[in-house]
Amino acid sequence: MKIPLLDLQAQYQEIKLEINAAIAKVLSHQKFIMGPEVAELEFEIAQYCGVKHAVACASGSDAILLSLMAAGVSYGDAVVTTPYTFFATAGAISRLGATPVFVDIDPRTYNIDPNCIEDVFNREGIYKSRITNHKTQIKAIVPVHLYGQMVNMSAVMEIARRYNVVVVEDAAQAIGAEIKGRRAGSIGDFGCFSFFPSKNLGCMGDGGMITINDDVYAEKLRILRVHGSKPKYYHKIIGCNSRLDTIQAAILRVKLRKLDEWTAARQQNALWYDSMFKTTGLLDRHVILPHVVSGARHIYNQYVLRVKERDGLLRHLKDNNIGTEIYYPVPLHLQECFSALGYHVGDLPNAEAATNETLAIPVYPELAEGQRVQVVESIMKYYSSETMVNK
Ligand SMILES: *Cc1c(COP(=O)(O)O)cnc(C)c1O
């Protein structure tokens with residue numbers, strides 16, 4: 001039996017009637033752009049995340065881009081972020097003509113290490129290019145709550161306040177995640193969410209949302225997403241076209257009502273894996289489990305194992321029809337498009353090691369016990385045959 005990494009079909013079958021009705025309603029009122037469902041969803045997401053405002057946009061990537069634009073990040077600025085994330089995090093920084101400054105991660109959580117952020121700021125908030133020696137002002141920090149677990153935000157905020165820089169939380173994988181009782185997207189100046197289908201709250205296409213407490217930033221974001229115009233056809237600033245389709249908002253409102261139930265199912269699956277890897281002895285010999293920080297609500301967008309000789313296990317799982325993926329195979333500081341920044345292999349060792357040793361296994365809410373057993377048995381089989389062949 002094939003086990004996918006994510007089963008969107010199973011999710012759709014569960015809520016098909018409600019989804020179809022929500023779409024039909026939009027088809028009947030025909031307000032496809034900024035229809036009533038968009039503002040309703042914005043209100044609900046703001047409540048869910050514990051913030052004052054939420055502004056919908058076209059994607060998680062745009063959420064980061066618009067936030068940095070609203071914060072005034074532009075050509076010649078530097079922005080500190082993690083190299084161990086999806087490309088969009090750094091892509092948004094570069095698209096504004098700013099320079100991403102990559103700092104290493106905590107090897108246990110895979111999230112940006114605040115001590116490494118501090119090291120960059122020890123040069124008094126000035127970033128010096130490795131190649132040109134050119135100096136640029138650091139304007140922002142973009143921490144990423146990877147796999148569904150939040151960054152140590154109190155440490156990040158303390159640094160940000162001390163150096164007077166903006167914090168844009170990339171919470172694309174972390175809707176509903178908490179640290180010390182506070183939700184993802186509610187601590188930094190901006191919180192960026194993605195509704196890409198594979199996120200815990202996914203739509204049926206692209207979509208995104210920005211959460212903010214500041215009234216001025218919220219207003220600026222609402223203007224930026226409609227080409228900087230207010231009123232219509234009067235352009236105060238240069239923005240872009242980045243709205244959430246009404247149909248997607250309608251779909252997301254149905255799914256949001258299910259989100260906590262789905263998150264609980266992901267957490268149960270993760271706990272089950274944890275205990276199973278412990279009792280089978282795989283834990284001590286072969287795998288490192290996801291590390292959950294005390295006081296954190298991990299929402300498990302991904303359940304990521306760390307193993308030696310990862311690629312062999314990856315091939316074995318694929319050959320056995322078990323969905324798996326590497327998030328992410330190349331750290332951003334070593335991506336070809338960033339070669340001009342002058343990073344080399346060995347510069348950020350924790351991120352580099354993670355790209356070589358991690359892999360995700362299925363943790364989606366609809367995953368049945370029989371399927372979980374099959375995943376663990378397949379991993380056990382790999383290691384038992386491997387030890388026989390190699391030793
Ligand atoms: C998915 C994701 C994004 C981008 O979201 P899109 O909606 O696909 O543009 C950004 N950052 C992280 C960490 C993501 O996982």
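Both ligands and their constituent atoms are indexed starting at 1 by order of listing.
Among protein heavy atoms, the minimum distance from atom 9 (O) of ligand 1 is reached at Ser61 OG, 2.5 Å. Taking atom 11 (N) of ligand 1 as the reference point, the nearest protein heavy-atom neighbour is Asp170 OD2, 2.7 Å. Nearest protein heavy-atom neighbour of atom 14 (C) of ligand 1: Lys199 NZ, 3.0 Å.
In this structure, a donor-acceptor pair under 3.5 Å is present between the side chains of Gln11 and Lys255.
When Glu169, Arg182, Glu158 are each tested for a side chain to side chain contact (heavy atoms under 4.5 Å, CB included) with Met153, only one passes: Glu169.
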For Asn269 and Arg372: C-alpha separation, side-chain torsions, deciding distance, then whether side-chain hydrogen bond (donor to acceptor under 3.5 Å, both in side chains) applies. CA-CA 8 Å; Asn269 290 340; Arg372 295 192 303 249; 2.5 Å; yes

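Close contacts between ligand 1 and Ala88 involve ligand atoms 4 (C), 10 (C) [criterion: under 4.0 Å to a heavy atom]. Short contacts between ligand 1 and Thr85, defined as distances under 4.0 Å to a heavy atom of the residue, involve ligand atoms 13 (C). Heavy-atom proximity to Ala172, at under 4.0 Å, picks out these atoms of ligand 1: 2 (C), 3 (C), 10 (C), 11 (N), 12 (C), 14 (C), 15 (O). Per-residue contacts place Val144 under 4.0 angstrom from the following atoms of ligand 1 (heavy atoms of the residue considered): 13 (C).
Note: an N/O pair closer than 3.5 Å links Gly60 and ligand 1 by distance alone.
A salt bridge does not link Arg253 to Glu37: none of the charged side-chain nitrogens sits closer than 4.0 Å to a carboxylate oxygen. Taking 4.0 Å as the cut-off between side-chain N and carboxylate O, Glu14 and Lys258 count as a salt-bridged pair. For the pair Glu325 and Lys318, the salt-bridge criterion is not met [side-chain N within less than 4.0 Å of a carboxylate O].
Proximity of Ser59 to ligand 1, defined as any heavy-atom pair under 4.0 Å, is shared by backbone and side chain alike.
Note that Arg266 lies outside the cation-pi zone of Tyr364, set by a 6.0 Å cut-off to the ring centre and a 45° limit from the axis.
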